[in-house]
2 protein chains.
Amino acid sequence: MILNAFLKSAGHSSSEELYDLIKRDDPSIGQATIYRTMKLLVDAGLARSVDFGDGIVRYEQKLGHEHHDHLICEQCGIHVEVVDSVIEELQEDLAKRHGFRLYRHKMVLYGLCAECSSE
Amino acid sequence: MILNAFLKSAGHSSSEELYDLIKRDDPSIGQATIYRTMKLLVDAGLARSVDFGDGIVRYEQKLGHEHHDHLICEQCGIHVEVVDSVIEELQEDLAKRHGFRLYRHKMVLYGLCAECSSE
DNA sequence: ATAGAAAATGATAGTCATTATCAATCGATT
DNA sequence: AATCGATTGATAATGACTATCATTTTCTAT
C-alpha cells in the first residue's frame with residue numbers, strides 16, 4: 001500500500017506527505033510504519049532519499065531513474081532534476097586529486113527560475 | 001567573546017561545540033546565546049553556515065575565505081575544502097540552460113580518503 | 001488445521017538540534 | 001538616577017524522526 005502510494009506520487013515526497021495520502025485510504029495506519037517502510041524501500045533499492053537542506057527527508061523513485069542533481073528556485077520552490085556528465089567526471093577527478101575514492105555526491109543549485117526572475 | 005572563540009576555532013564548528021569551548025571561560029553563558037549569536041554573525045557576513053547533511057549546522061569563517069565545496073571521508077570524517085573553477089562555471093551554465101539565475105550551490109562529495117582506503 | 005516462533009504494526013514516549021518565551025539584567029539616553 | 005529598549009540565561013516548546021513495547025499478523029513445522 002505504501003509502495004503503491006510512493007510509486008504513484010510524482011516527484012519527491014516526504015514520509016509525512018505519504019502518510020497524509022495513505023491515511024485517506026486507511027485511517028488506521030501509523031506514521032511510524034511509513035517512516036519504517038520508506039527506509040526499507042531505500043534498502044531494497046526502490047527508493048532514494050534526497051536532502052534539499054530543509055531538514056526533511058524526501059524520497060524519489062530509483063527504478064529507471066538515473067542519478068541526477070537538483071536545481072531549486074528559492075522563490076517558488078520549483079525543482080528541476082539536472083545532470084551534467086562533465087561535472088560528474090570533474091567531481092571524480094577532483095576527489096581523486098585529493099586521494100579520495102568517491103562514493104557519492106550531493107549537489108543542489110539554488111537560484112531563481114525563469115518565471116520568478118521575470119516578475 | 002563568542003566571535004573570538006569562533007575566529008580562533010579552525011574549521012567548521014557547530015553552535016554546540018562553540019558552547020562547550022566558551023563555557024570553559026564563562027560557565028554562566030547560555031547556549032541560546034550562542035545559537036543566536038552565530039545567526040547574527042551569518043547576517044553580519046562574518047560567518048557562513050555549512051550543511052554536511054548530518055542535521056547539524058556548522059559555521060565557517062567568511063572573511064578572506066573564498067567559496068569552496070567539501071570532500072568528506074565517510075569513514076574517519078575528515079573533510080577537505082575543494083574548489084574546481086571549471087565545475088563552478090559548468091554549474092552556472094547548467095542553471096542558465098534551465099533558465100535559472102544561480103544564487104548559490106551546495107556540493108558535498110562523499111567517499112573514502114587515502115588513509116582509510118589503504119586499511 | 002494449528003501451535004508456536006518470528007516479523008510487522010500502531011500508539012506513544014523519547015531524541016536531538018534548534019527556536020520561542022519570558023522574566024531578569026544590562027546599557028544607553030535623558 | 002529614571003526610563004525604555006536590547007540582550008541574556010533558563011527553560012519550555014518544536015518538529016522530524018527513532019525507540020520501545022504490547023498487540024496483531026504472518027509464517028513454518030508439525
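Numbers restart at 1 for each chain; the letters A, B, ... are given by sequence-line order, proteins then strands.
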Who passes side chain to side chain contact (heavy atoms under 4.5 Å, CB included) against Gln75(A), sequence neighbours left out?
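Only Cys73(A), Leu112(A), Cys116(A), Glu119(A) meet the side chain to side chain contact (heavy atoms under 4.5 Å, CB included) criterion with Gln75(A).
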Could you give all pairs that pass the ring pair (Phe, Tyr, Trp, His ring centres under 6.0 Å) test and reach residues 12-64 of chain A, with sequence neighbours left out?
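Those involving residues 12-64 of chain A are His12(A)-Phe52(A), His12(A)-His70(A), His12(A)-His79(A), Phe52(A)-His70(A), Phe52(A)-His79(A).
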Residue pairs, two or more places apart or on separate chains, that pass ring pair (Phe, Tyr, Trp, His ring centres under 6.0 Å) and touch residues 86-119 of chain A
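For residues 86-119 of chain A, and leaving out neighbouring residues, the ring pair (Phe, Tyr, Trp, His ring centres under 6.0 Å) pairs sorted by first residue read His67(A)-His105(A).
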Check every nucleotide of DNA chain D for an atom under 4.0 Å from a heavy-atom of chain A, then give the first and the last such nucleotide from 5' to 3'.
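The contacted stretch runs from dA16(D) to dT20(D).
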Does [X] have any salt bridge (Lys or Arg N to Asp or Glu O under 4.0 Å) partners at least two apart in sequence or in another chain, and if so, which?
X         : value
Asp84(B)  : Arg97(A)
Arg104(B) : Glu74(A)
Glu92(A)  : none

Heavy atom of residues 50-61 of chain A under 4.0 Å from DNA chain C: which residues?
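DNA chain C contact set from residues 50-61 of chain A: none.
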According to side chain to side chain donor-acceptor pair (under 3.5 Å), who are the partners of Ser117(B), at least two apart in sequence or on a separate chain?
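None.
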Inter- and intrachain pairs under salt bridge (charged side-chain N to carboxylate O under 4.0 Å, His left out), touching residues 10-34 of chain B, at least two apart
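Checked against salt bridge (charged side-chain N to carboxylate O under 4.0 Å, His left out) - neighbours excluded - the pairs reaching residues 10-34 of chain B are Asp20(B)-Lys23(B).
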Taking salt bridge (charged side-chain N to carboxylate O under 4.0 Å, His left out) as the cut-off, I'd like each qualifying pair that reaches into residues 55-67 of chain B, sequence neighbours left out, listed once.
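Listed once each, the pairs are Arg48(B)-Glu60(B), Asp54(B)-Arg58(B).
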Check whether any side-chain heavy atom of Ser15(B) lies under 4.5 Å from a side-chain heavy atom of Val57(B), and answer yes or no.
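No. Closest side-chain heavy atoms not under 4.5 Å.
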Each nucleotide in nucleotides 6-15 of chain C should get exactly one letter: B, S or -. Can you fill that in based on protein heavy atoms under 4.0 Å?
---BBB----
